[in-house]
Every structure is written in structure tokens, then in C-alpha cells.
**Student:** 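Please see the structure below; I have some questions.
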Amino acid sequence: MIDTKSVFKIPFGLFVLTAKDGDKDNGCIINTAMQLTSKPQRISITVNKANYTHDMIMKTGLFNVSVLTESTPFGIFEHFGFQSGKDADKFAQGEGERSSNGLMYVPWNTNALMSGKVIETVDCGTHTLFVADVTEAKVLSDAPSVTYDYYQKNIKPRPEPAKKKGWVCKICGYVYEGDPLPADFICPICKHPAEDFELVK
Ligand code: FE
């Protein structure tokens, strides 16, 4: 027999995977990124073929992996994971910064950036495995990386009977608890002003 729950015993991280095709920036959430070798520094990622980011990496051979931390608000997973780049511009409001390969990465709620240049692809059916040389890598903070397990237990919202009023930063997902939001409020995470917040529905 194959108990499909067994794979959840493997620790997975959560990452923002970004790519760029011409003027179009895009990103999605993946849970499979890992080091393959250290000399040379190589990583692999596995991406669902249904993701627009997948097609962009197939075409350009370049991607960035931003390693998310336990501080990542649910809004970031919604922003990058629950909508398609075919319909939305996920970097329309300055949600990232550029690394030296010209691609976006997410500098907030992340602890590391790795830029990859694809050297091999493996067709895995629903997904493609990309093997890549690391062309740039930097540590952004010492905050612990979020695991899929931590996300399920601590970040993913549970149904709440009475929800507090609050404002969420559209840029980084920080939530200000209370209403109204002070007009001169500055997001403590990404430093964007009150205009970039919207009322939590
Ligand atoms: Fe913010």
C-alpha cells in the first residue's frame, strides 16, 4: 500500500519563486527547493506546470528563490499563492526588490535569496524539476525558515467566530489590529504608508 500522508512527514519549506519574462515579473509559492551540491553550488526546485512562473522559467532559464520565515503573514501566501500571474501583476505595488540577475525577490519575511540559472530540466508529469547553478546568494536575516508544518499550525487562518477589525498592508501583509488606522501610520515591516493598507474583510 501507499499511505499518501507519509509525504507530510518529510519536512518542506515554503518559498516565493520569482521569474521575469521581458517586462513581466511574476512569482508563486513553492514548497520544494533544496541544495543538490555545494561545489559547485547547485539547487533544485520543483514547480507545477499550471503555474505561469513555470512557463517563464522554461523560457528564460532564470529564477529567484526567497526563503520565507515563520513571521510571514497569511496575506503573503494569498498574494503569491492564491492568484495567478496570468490575471494579476503581483509586483504592481513594489512588493519586491531586484537581485543582480534583474529578477524580483521578496526582501521582507525572508531570510535568504538564491538566484538560479537552469542547467537541466526533468519532466515529472504534473511538475517540472529544475536543476540550477546558484549565481547569487545572500542571507537576509537570522529568522527561522517557515516549514509547511508550521504554516499549517500557526499561519493558516482558522475559522474565527468574532474577528477583530484591522488593516492589512497590501505590500508585505503586516496586520494592524484596530480601526481606524492612523493616517500617519508607517508599516513597521516594509515602511510603506497608510495608503497601502486595506481594511481586513
Ligand atoms: Fe508592509
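Whatever order the structure lists them in is the order used to number ligands and atoms, beginning at 1. Side chains are part of it too, since the values below use all heavy atoms of this structure and drop only hydrogens, waters and symmetry mates.
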**Student:** Which pairs pass salt bridge (charged side-chain N to carboxylate O under 4.0 Å, His left out) with one or both residues in residues 70-79, sequence neighbours excluded?
**Tutor:** none

**Student:** Is there a side-chain contact between Ile57 and Phe130 in this structure, where contact means two heavy atoms from C-beta onward sitting under 4.5 Å apart?
**Tutor:** yes

**Student:** Sort by chain and number the protein N/O/S atoms found under 2.8 Å from the Fe ion (ligand 1).
**Tutor:** Cys169 SG, Cys172 SG, Cys187 SG, Cys190 SG

**Student:** With sequence neighbours left out, which residue pairs that include part of residues 180-201 fulfil the ring-ring contact (aromatic ring centres under 6.0 Å, His included) condition?
**Tutor:** Tyr176-Phe185, Phe185-Phe197

**Student:** Looking at Asp55 and Lys59, does any basic side-chain N land under 4.0 Å from a carboxylate oxygen?
**Tutor:** no

**Student:** Sequence neighbours left out, what pairs pass salt bridge (charged side-chain N to carboxylate O under 4.0 Å, His left out) with at least one residue falling in residues 173-197?
**Tutor:** Lys164-Glu177, Lys165-Asp179

**Student:** Whether Asp133 and Arg42 form a salt bridge (side-chain N of Lys/Arg under 4.0 Å from carboxylate O of Asp/Glu) is what I want to check.
**Tutor:** yes

